[in-house]
Amino acid sequence: MQVSLQALKAFESAARLGSFKLAAEELSLTATAISHHVSNLESRLNVDLFYRQVRKISLTETGERLASAISNGFRIIEDALEEVSTASRVIKITTTSSLAAMVLIPAMQAFAEKYPEISIEISTGESLENHLYALPIRYGAVSSIAVSDIIKYESFNVFAAAGLFRENWAKQSITLFNTEWKNKNLPKPPLQTWLEKNTFEGKNITVQYFDQEIFGIQEALASDGLVFCSTTLVSRLIHSKLLKPLPTDAVRAELCYYIPDKEQLKRRNRHMNELILWIEELLNQ
């Protein structure tokens with residue numbers, strides 16, 4: 001059975017406040033309008049909901065049952081609206097450990113200052129979240145990703161810890177930290193391409209592998225070493241002069257950071273759109 005929402009609101013307010021006049025004030029209507037809505041509801045249901053006396057109303061037994069049910073229903077709706085409103089202000093980013101630790105987490109303070117109304121939670125892992133306001137940032141092969149989903153094409157170079165950087169570095173034996181992905185479906189870091197482009201083939205280079213880029217970067221910092229890694233991940237360390245790029249040319253990898261169904265996520269709400277635009281700018285600056 002279809003009944004007017006306005007009539008239900010008028011009845012619930014009058015039942016809760018015990019007065020058509022007070023209900024009218026609460027709903028910014030006239031007492032006559034409240035009475036009219038209630039009468040229409042009674043006619044629709046074919047029951048009496050109030051006992052009407054001079055300047056006084058009281059609920060019938062049927063009215064009490066209906067008022068209790070409607071009040072509970074409105075509370076459930078209000079709670080749901082509040083939950084959705086709160087959830088839309090908290091966005092959960094799921095991404096790789098390296099991107100989270102090296103890029104996103106250090107930038108959260110700047111984001112909070114620019115968008116204080118948006119809260120962010122960052123977690124790592126490869127599974128897509130089913131949460132309505134989850135934002136997955138993934139690392140994948142360019143060839144398998146829709147161009148519209150890509151937020152950063154990846155390039156690689158060799159970076160030196162500040163304490164190691166010397167003019168005669170190329171004449172020395174080199175230990176180079178590199179990454180061998182756990183996910184064997186990902187294209188390998190383009191070390192061979194880098195060696196060829198920078199004429200390093202045949203040099204005395206020992207490569208030590210880690211299964212995450214962050215480990216190789218940390219080892220380079222701790223041991224004053226060299227790391228072959230993503231230019232995206234080390235931008236903050238270069239800015240703070242903890243790492244320096246060697247005077248070599250970076251090479252484009254077959255890898256990229258991407259957001260699955262990015263354009264659809266942008267339309268989910270204003271906060272999601274602002275966060276995605278900010279992340280794209282952060283990764284490409």
Side-chain angles (χ1 to χ4, degrees), residues 1-53 55-95 108 111-112 114-123 125 127-137 259-279:
M1 176 181 292
Q2 292 184 347
V3 296
S4 164
L5 177 59
Q6 189 66 39
L8 292 177
K9 292 173 65 178
F11 166 68
E12 190 278 334
S13 181
R16 176 166 39 82
L17 299 173
S19 166
F20 287 169
K21 180 181 178 181
L22 294 177
E25 293 175 358
E26 180 177 73
L27 299 177
S28 300
L29 298 172
T30 65
T32 300
I34 295 293
S35 178
H36 180 70
H37 281 307
V38 172
S39 295
N40 284 345
L41 181 61
E42 290 176 320
S43 176
R44 182 73 173 169
L45 299 175
N46 197 27
V47 296
D48 290 328
L49 299 173
F50 287 104
Y51 295 116
R52 291 168 173 80
Q53 300 170 327
R55 297 183 181 179
K56 182 180 179 181
I57 59 171
S58 59
L59 287 166
T60 64
E61 183 177 352
T62 300
E64 289 179 354
R65 292 180 61 186
L66 184 60
S68 176
I70 293 174
S71 293
N72 288 336
F74 282 164
R75 278 196 294 271
I76 291 172
I77 292 172
E78 289 173 0
D79 290 345
L81 290 173
E82 178 61 27
E83 181 180 347
V84 170
S85 177
T86 300
S88 70
R89 297 192 298 270
V90 180
I91 300 176
K92 184 176 182 180
I93 297 176
T94 60
T95 191
M108 284 302 95
F111 179 83
K114 187 173 182 179
Y115 299 104
E117 72 279 9
I118 306 175
S119 296
I120 294 175
E121 297 177 1
I122 298 177
S123 63
S127 63
L128 295 179
E129 294 288 337
N130 293 322
H131 186 274
L132 181 61
Y133 295 104
L135 177 60
I137 304 175
I259 297 174
D261 300 317
K262 181 181 68 173
E263 296 307 315
Q264 181 178 339
L265 281 174
K266 280 184 175 182
R267 294 191 293 271
R268 185 152 291 176
N269 71 2
R270 177 174 58 84
H271 290 159
M272 184 71 81
N273 181 61
E274 289 173 338
L275 177 57
I276 291 174
L277 292 175
W278 181 83
I279 288 172

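Every value quoted in this text rests on a predicted model; they were computed, and no experiment measured them. Quick note: numbers below take in every heavy atom, side chains included, and nothing from hydrogens, waters or symmetry partners.
Taking CD1 of Ile276 as the start and CD of Glu274 as the end, the distance is 11.0 Å to the nearest 0.5 Å. Rounded to the nearest 0.5 Å, atoms OG (Ser71) and CG (Leu8) are 10.5 Å apart. For the atom pair Met108 CE and Ile122 CD1, the distance stands at 4.5 Å (nearest 0.5 Å). In this structure, CD in Gln264 is found 10.5 Å from CE in Met272, a value given to the nearest 0.5 Å. A distance of 12.5 Å separates CD in Glu61 from CG in Leu49, rounded to the nearest 0.5 Å. Separation of atoms CD1 (Ile137) and OG1 (Thr94) is listed at 7.5 Å; rounding is to 0.5 Å.
Side-chain contact between Ile57 and Tyr51: absent, with no pair of heavy atoms (C-beta onward) separated by less than 4.5 Å. At least one side-chain heavy atom of Leu45 sits less than 4.5 Å from a side-chain heavy atom of Leu41. With a 4.5 Å cut-off on side-chain heavy atoms, Phe50 and Lys56 do not count as touching. Put simply, the side chain of Ile259 reaches to within 4.5 Å of the side chain of Leu135, judged on heavy atoms. Contact annotation: the side chain of Leu59 approaches that of Phe11 to within less than 4.5 Å [non-hydrogen atoms, C-beta and beyond]. Within the 4.5 Å cutoff, the side chain of Leu265 has heavy atoms near those of the Pro136 side chain. When side chains are defined from C-beta on, Asn40 does not count as touching Val3, because their heavy atoms never get closer than 4.5 Å. Contact check for Val47 versus Thr60: no side-chain heavy atoms found under the 4.5 Å cut-off.
Residues Tyr115 and Trp278 keep their aromatic ring centres 6.0 Å or farther apart.
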- Item | Evaluation steps, side chain to side chain contact (heavy atoms under 4.5 Å, CB included), between Leu275 and Phe111 | CA-CA 9 Å; Leu275 177 57; Phe111 179 83; 3.6 Å; yes

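For Gln53, the CD atom is densely surrounded, since the number of other residues' heavy atoms within 6.0 Å is greater than 12. In Arg65, the CZ atom is not crowded: 12 or fewer heavy atoms of neighbouring residues, nucleotides or ligands sit closer than 6.0 Å. Heavy atoms from other residues, nucleotides or ligands lying under 6.0 Å from NZ of Lys266 number more than 12. Within a 6.0 Å sphere centred on NZ of Lys9, other residues, nucleotides and ligands contribute 12 heavy atoms or fewer.
Applying the salt bridge (Lys or Arg N to Asp or Glu O under 4.0 Å) test to pairs two or more places apart or on separate chains, those with a residue in residues 25-37 are Arg16-Glu26.
The shortest heavy-atom contact between Ser123 and Lys92 is OG-CE, 3.4 Å. Here the closest non-hydrogen pair linking Ala10 and Leu27 is CA-CD1, 3.8 Å. Across all their heavy atoms, Asp48 and Thr62 have their closest contact at O-CB, 4.3 Å. Scanning both residues, His37 and Ala7, for their nearest heavy atoms gives O-CB, 3.7 Å.
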